[in-house]
Number of protein chains: 2
Amino acid sequence: MKLSVKSDYAARAVLELARRYASGKAQRVEDLAEAQGVPANYLVQILIELKAQRIVKSVRGKEGGYLLAKIPAEITLGDVLRCVHGEIFDTAALSDSNCPPELRGAWEKLRQSVNATADNITFQNLLDEGESKEKMYYI
Amino acid sequence: MKLSVKSDYAARAVLELARRYASGKAQRVEDLAEAQGVPANYLVQILIELKAQRIVKSVRGKEGGYLLAKIPAEITLGDVLRCVHGEIFDTAALSDSNCPPELRGAWEKLRQSVNATADNITFQNLLDEGESKEKMYYI
DNA sequence: CGGCGCGTGAAACTCTCGGTGAAGAGCGAC
DNA sequence: GTCGCTCTTCACCGAGAGTTTCACGCGCCG
């Protein structure tokens, strides 16, 4: 069960936008892409999906780019992952009538567990975590 | 993030073996495969991997087939999934040095969450669950 | 020894993912 | 109005993993 690179890119992009959220300025796709070593043309597709789910918003023209659509505390990792994948934890078994009901229950437990964990991580959390780690240097 | 069909097949096979564990008889691959609508030739490969991890064992020749290598209570869903996939929750990000440390922490939380849940489900649990559901019919 | 069923490896096939390129559309500056 | 900047959209391709099937070798039991 391997998380796609796409989800990783999406999470990085949103994190980067969260970091620059205070500036209020729109961020260009190319800048975001370069900041994380992601192919710009690919990142575009991801951002469009994120926009469709109102996680980010875009501004066109000169000085255009992308912004978070909400404050970082209101965006969870689960939101981002679901936006890119649909259900985070999926398996053919859940839509297979041959699947024994006991197993179905087990898959659903796993799904619920992942969802709960992912929904409990907001990007504000991640920002705080990053800052507190920085402060460590001063001690 | 989609669980492969292979994991599902593996789980079904082990569950089926657990159900028949009391008989003490070796179960033929074809019987197991037919009982769940799984391609027999594919199931063989899965069973070989399960055998390598000492989750099942095999008997050759006439009256041969597969058996659980331990009692159902000692086999967890996590064991089976890891046997088929290596780490259950994997992502390229964890081996990418460009990955922001905050995100790395988040991925590890997800991984830990999945592992904990999967390791907490034994096949004995699943058997019990199935039986208690059967009993419901008598009430 | 002969048949049954496991053991193993490889070929073929499908499908998604990751990535690229180019043409189109809105916004601001001059 | 026109030009340049940047997002928007769509079409496509190559690689690789996952799934499936086939063929043949090997060990065990009667």
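Per chain, numbering begins at 1; letters A, B, ... match sequence-line order. Hydrogens, waters and symmetry mates play no part in the numbers below; they use all other heavy atoms, side chains included.
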Under a 4.0 Å heavy-atom cutoff, the residues of residues 40-59 of chain B touching DNA chain C are B:Val44, B:Gln45, B:Ile48, B:Lys51, B:Ser58, B:Val59
I want to check something: taking the side chain as every heavy atom from C-beta on, are B:Leu81 and A:Leu110 in contact at a cut-off of under 4.5 Å? yes
Between A:Ala18 and A:Leu127, the two heavy atoms sitting closest are O-CD1, 3.8 Å
Per the atom types in the model, does the base of D:dC29 pair as donor or acceptor with the side chain of B:Arg60 at under 3.5 Å? no
Hydrophobic cluster identity match, A:Ile71 and A:Val59, side-chain contacts under 4.5 Å: no
Can you sort out the partners of B:Asp119 under side chain to side chain donor-acceptor pair (under 3.5 Å), two or more places apart, ordered by chain and number? B:Arg82
For DNA chain C, find the residues of residues 5-12 of chain A with a heavy-atom distance under 4.0 Å and give them by number; none if there aren't any. A:Val5, A:Lys6, A:Tyr9
Residue pair B:Lys62/A:Lys62 against DNA chain C: nearer the 5' end by closest nucleotide is B:Lys62
Please tell me if the side chains of A:Glu108 and A:Leu94 come closer than 4.5 Å, counting only heavy atoms from C-beta onward. yes
Minimal heavy-atom distance between A:Thr122 and A:Pro72, with the atoms involved, is CB-O, 4.0 Å
Is there a side-chain contact between A:Arg12 and B:Asp96 (heavy atoms, below 4.5 Å)? yes
Partner of A:Phe123 under side chain to side chain contact (heavy atoms under 4.5 Å, CB included), picked from A:Thr76, A:Val80, A:Leu68, A:Ile55, is A:Val80
Hey, can you pull the residues of residues 81-92 of chain A with a non-hydrogen atom under 4.0 angstrom from DNA chain D? none
If the plane angle is over 60° it's perpendicular, under 30° parallel, otherwise tilted; pick one for B:Tyr42 and B:Tyr9. perpendicular
Selection residues 38-53 of chain A - residue pairs positive for salt bridge (Lys or Arg N to Asp or Glu O under 4.0 Å), sequence neighbours left out: A:Lys6-A:Glu49
If you pin A:Ser4 and A:Gly61 to their nearest nucleotides in DNA chain C, which one's is more 5'? A:Ser4
Taking the side chain as C-beta and beyond, is there a heavy-atom pair between B:Leu67 and B:Arg20 under 4.5 Å? no
Between B:Glu63 and B:Leu3, who's closer to the 5' end of DNA chain D by nearest nucleotide? B:Leu3
Look at A:Arg19 together with A:Glu16 and state whether they make a salt bridge at an N to O cut-off of under 4.0 Å. yes
Please give me every residue in residues 13-39 of chain A whose heavy atoms get under 4.0 Å of an atom in DNA chain C, ordered by residue number. A:Pro39
Rounded to whole angstrom units, what separation is found between the NZ atom of B:Lys2 and the P atom of C:dC15? 12 Å
Electrostatic pair A:Asp31-A:Lys25, nearest N-O below 4.0 angstrom: no
